[in-house]
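These numbers come from the heavy atoms of this one structure, side chains and all, not from hydrogens, waters or symmetry mates. Atoms within a ligand are numbered from 1 in the order they appear, just like the ligands themselves.
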Amino acid sequence: MLVNFNEMLIKAKKGKYAIPHFNINNLEWTKYILEKCNELQIPVILGVSEGAAKYMGGFDSITGMVKGLLKDLNISIPVCLHIDHGSNKEICKKAIDAGFTSVMIDASHHELEENIRITKEVVEYAHKKGVSVEAEVGHIGGTEDNVVSSTTNATLEDCITMYENTGIDALAPALGSVHGFYKGEPNLDFNTMEIINKNLAIPLVLHGGTGIPEDKIKKAISCGISKININTDLQSVWSKAVRHFLETNKEVYDPRKIIGSGELAIKNRIEEIVTLFGTKR
Ligand code: 13P
């Protein structure tokens with residue numbers, strides 16, 4: 001069932017566990033995530049970056065593919081189809097019109113006032129259609145969609161201003177996590193995370209979930225994180241498995257065998273991740 005993320009994240013916030021947001025890249029990726037989460041009977045958020053949306057043909061192709069898989073594979077869990085880092089209002093509207101059930105408007109490259117203005121417009125459009133909205137305060141840096149940027153941490157005051165002026169459903173405050181692999185230990189500001197959580201009624205989101213040590217993931221969840229985004233991690237385990245398969249099966253040319261050789265690696269990693277997150281139905 002395609003749903004927005006509100007019910008699953010509110011339950012996660014109350015139950016002190018996190019819902020996984022896995023970025024998708026193609027049909028196989030989407031199928032493996034849906035099959036594994038359905039087997040485990042846990043809700044999942046499928047994240048689609050603008051780059052991945054272009055790669056897969058566009059928003060209509062993606063909603064068609066996801067709806068088809070839900071039906072053909074008899075998926076019975078709640079599934080949220082979510083734009084990850086939508087960079088402007090038009091992109092978010094396009095995704096919503098194509099049937100996405102959730103959007104992240106990331107106007108964090110603007111000053112707070114402009115970020116709030118853009119976010120508010122997206123919320124007005126999205127909420128009329130039952131679509132949930134995530135926003136970003138501060139700026140989460142690192143490497144994403146091949147773009148490199150640096151981090152600016154969020155402040156409690158800016159998070160409250162964003163929340164009170166927009167009516168967003170979830171917030172990603174930049175607190176030291178980065179997209180892609182970390183250089184050294186991630187330095188997360190758990191104090192501010194906890195204070196923001198105490199002051200905001202909505203669920204908090206942690207981006208850059210790849211490479212954060214297990215104890216810090218658990219600490220982040222105890223400080224109020226309800227949604228954790230994972231992209232690089234699954235890409236990394238998939239490409240390792242496929243590279244090994246190609247090196248040891250030099251005569252294979254069937255793309256289904258080549259792409260599919262990463263299936264088990266993705267599915268096993270998903271199980272480890274959601275066990276760590278404590279994800280529940
Ligand atoms: P990673 O690629 O570091 O897992 O981050 C994913 C993410 O935050 C997507 O928004």
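- A salt bridge links Glu134 to Lys227: at least one charged side-chain nitrogen sits closer than 4.0 Å to a carboxylate oxygen.
- Annotation: Asn23 places no N or O atom under 3.5 Å from an N or O atom of ligand 1; distance criterion only.
- An N or O contact shorter than 3.5 Å is missing between Asp233 and ligand 1 by distance.
- The nearest protein atom to atom 8 (O) of ligand 1, hydrogens excluded, is given as Gly208 N, 2.8 Å; this is a heavy-atom distance.
- Per-residue contacts place His85 under 4.0 angstrom from the following atoms of ligand 1 (heavy atoms of the residue considered): 10 (O).
- Closest protein heavy atom to atom 4 (O) of ligand 1: Thr210 OG1, 2.4 Å.
- Within the 4.5 Å cutoff, side-chain heavy atoms of Thr119 are placed close to those of Met162.
- In summary, the side chains of Ser149 and His139 do present a donor paired with an acceptor at a separation below 3.5 Å, with no hydrogens or angles considered.
- In terms of modelled atom types and a separation under 3.5 Å, the side chain of Glu136 and the main chain of Ile140 share a donor-acceptor contact.
- We find that Arg117 and Glu121 are joined by a salt bridge, their nearest charged nitrogen and carboxylate oxygen being less than 4.0 Å apart.
- When each of Val79, Ile77, Asn38 is paired with Leu70, the side chain to side chain contact (heavy atoms under 4.5 Å, CB included) condition holds for Val79 and for no other.
- For the pair Lys267 and Glu39, the salt-bridge criterion is not met [side-chain N within less than 4.0 Å of a carboxylate O].
- Within the listing of ligand 1, atoms 8 (O), 10 (O) sit less than 4.0 angstrom from a heavy atom of His207.
- Counting the atoms of ligand 1 from 1 in the order shown, those under 4.0 Å from a heavy atom of Ile230 are 4 (O).
- In terms of protein heavy-atom proximity, atom 10 (O) of ligand 1 is closest to Asp84 OD2, 2.7 Å.
- Closest to atom 2 (O) of ligand 1 among all protein heavy atoms lies Thr232 OG1, 2.5 Å.
- No N or O atom of His21 sits closer than 3.5 Å to an N or O atom of ligand 1.
- When each of Leu34, Ile33, Leu40 is paired with Lys36, the side chain to side chain contact (heavy atoms under 4.5 Å, CB included) condition holds for Leu40 and for no other.
- Of the protein's heavy atoms, Gly180 N, 2.9 Å lies nearest to atom 3 (O) of ligand 1.
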